[in-house]
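Atoms within a ligand are numbered from 1 in the order they appear, just like the ligands themselves. What you see is a predicted model; the values in this text were computed from it and never measured.
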Amino acid sequence: MRQMSAEVHDWLAGRSSSADDWPVEALVAAKGDASVSVVLPAHNEAATVGVIVEMIRETLMRRHSLVDELVVVDSCSTDATAEVARAAGARVVHQHEVLTHLPTLMGKGEALWKGMSATSGDVVAFIDADLIGCPPTFITGLLGPLLMNPKIAYVKGFYRRALVHEGRTEPDGGGRVTELVARPLLNLYWPQLAGFVQPLAGEYAGRREVLEAVPFVAHYGIEIGLLIDLLELVGLDALAQVDLGYRQHRHQSNEALARMSAQIMLTAFTRLARQGIGEVPDSPLLMQFRQSAHGALRDVVTTEIGVPERPPLAKVRAFQ
Ligand SMILES: O=c1ccn([C@@H]2O[C@H](COP(=O)(O)OP(=O)(O)O[C@H]3O[C@H](CO)[C@@H](O)[C@H](O)[C@H]3O)[C@@H](O)[C@H]2O)c(=O)[nH]1
Ligand SMILES: O=C(O)[C@H](O)COP(=O)(O)O
């Protein structure tokens with residue numbers, strides 16, 4: 001049987017760690033003059049964002065002085081996300097109120113890019129705001145390799161992830177897009193990245209100078225786009241992953257996940273096209289079917305799948 005490549009084997013051994021390997025006291029001591037920003041992208045996350053903000057404020061800012069800046073990017077929410085986040089102690093910026101001279105874009109990647117632009121820490125950590133339970137180790141784990149090893153530029157979280165459906169929990173059933181789309185794509189075309197346990201994890205951190213040097217895909221292609229572009233920019237040895245334990249979040253419907261999958265595929269195809277492999281379809285449509293209220297006929301839902309992207313933030317700053 002063919003085994004994994006020696007490069008991936010060595011990377012897994014040398015660049016995977018556990019959050020417990022990075023005690024907060026050691027990180028505070030290693031941090032020195034560096035500053036750390038945490039950015040939470042949030043679209044309608046009033047139910048979960050407050051608890052995450054309170055934990056970061058209380059444990060990582062007040063008690064340990066590890067995090068210097070905490071920003072929630074309100075990504076066009078229609079619920080009380082902004083109010084809840086502010087009441088819990090975060091600075092809240094609205095996605096469309098940052099870099100207002102640029103045309104607006106929607107999506108998660110856009111929220112991250114705007115959040116990065118609205119902060120100044122030398123190290124930036126991104127944490128999804130829909131997490132159900134976020135212990136401090138989610139953040140200390142991500143910061144550990146960056147603060148303790150100057151060779152590391154970008155750290156991705158991984159975890160066990162459950163699928164909770166109709167009251168039933170499948171302990172390792174989560175990450176459907178990861179397993180059915182992202183992992184096969186990465187293994188086929190970027191086998192160097194095959195060692196990432198959760199390539200789509202929304203919890204990751206990086207050095208600002210590196211994050212500002214790559215483009216940000218506006219929508220859900222952001223995670224796969226960052227991995228591929230950072231591999232090219234800094235090489236595998238500067239990437240790491242940390243076991244954060246267990247993660248639970250709000251699940252999306254299969255219909256929504258299919259749109260996410262199409263964005264991820266298109267982001268990957270854009271990268272392949274840049275390497276001269278294949279072509280990217282122009283404004284493709286995703287046609288989906290919904291059971292109609294009138295029996296056998298199904299309602300058709302069409303969505304345009306676009307993956308607009310922001311240029312490296314450093315270029316925008318230089319232009320300004
Ligand atoms: O337009 C948007 C959409 C989402 N979000 C926020 O982004 C985070 C993750 O979004 P979510 O819809 O919960 O994504 P998941 O279904 O959890 O998707 C997984 O896979 C995505 C694609 O790689 C990643 O972006 C996610 O972080 C990862 O958890 C949450 O805080 C959202 O509120 C925004 O800020 N703006
Ligand atoms: O990361 C993923 O694969 C998608 O967000 C879907 O996750 P879920 O299957 O846990 O909802």
Inset, instruction - Tell me whether the centres of the aromatic rings in Phe126 and Tyr204 are closer together than 6.0 Å. - result: yes
Legend entry - For ligand 1, the residues whose heavy atoms come within less than 4.0 Å (ordered by chain, then number): Pro41, Ala42, His43, Glu45, Ser75, Gly107, Lys108, Ala111, Asp128, Ala129, Asp130, Leu200, Gly202, Tyr220, Glu223, Arg247, His249, Arg250, Gln252, Met260
Legend entry - Aromatic ring proximity, centroids under 6.0 angstrom, Phe158 and Phe196: no
Legend entry - Donor-acceptor pair, side chain of Asn44 and main chain of Asp79, under 3.5 angstrom: yes
Inset, instruction - Write down the atom of Pro41, the atom of Ile127, and the distance for their closest heavy-atom approach. - result: CD-O, 3.2 Å
Just list the side-chain donor-acceptor pairs under 3.5 Å for residues 20-28, sequence neighbours left out, or say none.
unit_1	atom_1	unit_2	atom_2	d
Asp21	OD2	Ser18	N	2.9
Trp22	NE1	Ser17	OG	2.9

Inset, instruction - Write out all pairs satisfying salt bridge (Lys or Arg N to Asp or Glu O under 4.0 Å) with one or both partners inside residues 106-116, taking only residues at least two apart or from two chains. - result: Lys108-Asp128, Lys108-Glu223, Glu110-Lys114, Glu110-Arg310
Legend entry - Sorted by chain and number, the residues that approach ligand 2 to under 4.0 Å with a heavy atom: Arg161, Gly174, Gly175, Arg176, Val177, Thr178, His249, His251, Leu257
Legend entry - Glu45 side chain to Thr81 side chain, donor-acceptor N/O pair below 3.5 angstrom: no
Inset, instruction - Would you sort out whether Ile222 and Leu226 count as a side chain to side chain contact (heavy atoms under 4.5 Å, CB included), showing the intermediate values? - result: CA-CA 6 Å; Ile222 178 65; Leu226 277 179; 3.8 Å; yes
Legend entry - Short side-chain to backbone donor-acceptor contact, Glu54 and Val49, under 3.5 Å: no
